[in-house]
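Taking it in order: structure first as structure tokens, then the write-up.
Position 1 is the first residue of the sequence, and the numbers go up from there.
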Amino acid sequence: MTLHDASEPDVTGAADDGAVRLRAGDTEVTVLPEDGCRLSSLRVGDAELLVQGSGSGSFVMAPWCGRTADGVFRNGATSHRLPLNAGRHAIHGTVREQVWQRVDRADDDRSAAFVVDLAEPWPYPGRVTQIIELAEDGSALTMTLGVETAGDSFPAQAGWHPWFVRRLRSDGPEAAVEFSPTGQLVRADGIATTEIGDVRPGPWDDCFTMPDGVDVTLRWGAELELRVTGRDEWVVVYDEQPHAVCVEPQSGPPNGLNTHPRLVTGIEPLETTTTWSWRRPAGPAV
């Protein structure tokens with residue numbers, strides 16, 4: 001992953017509260033570098049697409065996604081134990097709880113780049129980068145994550161965990177999830193296995209396979225539709241909460257440090273990208 005010159009961090013779009021606000025067309029995105037580089041808001045016109053409040057919005061998952069079973073993973077012959085923060089499991093990585101730094105020198109307020117160094121309790125030195133960019137007309141948002149090592153190779157994953165609102169307004173239609181996965185990972189004791197079964201009816205807290213790339217649409221009736229795409233094949237859909245729907249594109253499945261290890265090496269970093277685009281169903285792009 002190539003970054004802009006990081007010698008003089010740019011503050012374009014920075015707010016007094018530490019937030020970074022990106023704007024294009026009638027869209028505004030708010031990023032909180034000091035809160036795990038979380039997107040706290042995505043406003044399209046007068047509609048807020050992300051659930052508000054601490055721990056909501058959309059946060060980064062790295063260097064692993066979802067649950068790592070019993071908080072244990074192996075790197076070759078070495079076994080590592082992570083702190084348990086989801087019952088008997090370790091969930092969603094470490095960088096969502098760290099302070100990130102903005103490092104780009106953007107000449108507009110449509111894009112920004114952020115970095116954070118991997119630190120304890122993750123056992124390997126490295127760096128995670130997030131680049132966020134709004135389309136010029138404000139009709140789409142593209143985010144790219146990179147994971148690099150600063151020493152030995154290690155298995156890693158990266159992805160996003162957005163909390164999209166169930167309704168755009170209190171009396172509006174509920175969001176419908178539309179996608180065509182080829183399979184659904186079978187769970188055992190709440191943990192995804194390597195077995196791929198048939199897609200079952202929701203509600204879901206499940207990982208799905210889409211070998212041609214993630215492609216999921218959320219449709220709020222005739223008000224708005226949001227399409228989540230990415231080149232990786234894994235997506236988790238979580239719609240068991242009455243106020244939110246989560247569509248989580250990620251580079252590997254839950255417990256993937258153990259079941260689908262992807263090594264980050266000095267010559268081969270991990271990179272994953274997602275694009276969210278939106279439009280009015282019966283009209284042109286928002």
Contacts of type ring-ring contact (aromatic ring centres under 6.0 Å, His included), residue H80, not counting sequence neighbours: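 By the ring-ring contact (aromatic ring centres under 6.0 Å, His included) rule, H80 matches F73, Y124.
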Using ring-ring contact (aromatic ring centres under 6.0 Å, His included) as the criterion, list what pairs up with W276, not counting sequence neighbours.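 By the ring-ring contact (aromatic ring centres under 6.0 Å, His included) rule, W276 matches F164.
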Partners of [X] by salt bridge (charged side-chain N to carboxylate O under 4.0 Å, His left out), sequence neighbours excluded?
X	result
E223	R169
D35	R38
D152	none

Connected-component partners of I196 among ILVMFWY, side-chain separation under 4.5 Å: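 L185, W234, which link up through side-chain heavy atoms under 4.5 Å apart, make up the rest of the cluster.
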Scan for ring pair (Phe, Tyr, Trp, His ring centres under 6.0 Å) pairs involving residues 175-203, sequence neighbours excluded, and state none if there are none.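 Applying ring pair (Phe, Tyr, Trp, His ring centres under 6.0 Å) to every pair that reaches into residues 175-203, excluding sequence neighbours, yields F179-W204, F179-F208.
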Only counting residues at least two apart or in another chain, list the ones meeting side-chain contact (heavy atoms from CB on, under 4.5 Å) with [X].
X	value
V264	V147, T149, F154, A156, R262, L270
P125	A150
E97	none
R187	D205, D206

Polar contact flag, side-chain donor to acceptor under 3.5 angstrom, T182-T209: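 Checked: T182/T209 side chains pair up, N/O donor to acceptor below 3.5 Å.
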Pairs flagged by salt bridge (Lys or Arg N to Asp or Glu O under 4.0 Å) wherever residues 231-258 is involved - sequence neighbours left out: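 For residues 231-258, and leaving out neighbouring residues, the salt bridge (Lys or Arg N to Asp or Glu O under 4.0 Å) pairs sorted by first residue read R231-E271.
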I'd like to know whether CZ of R227 has more than 12 heavy-atom contacts from other residues, nucleotides or ligands below 6.0 angstrom.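 Result for CZ/R227: open.
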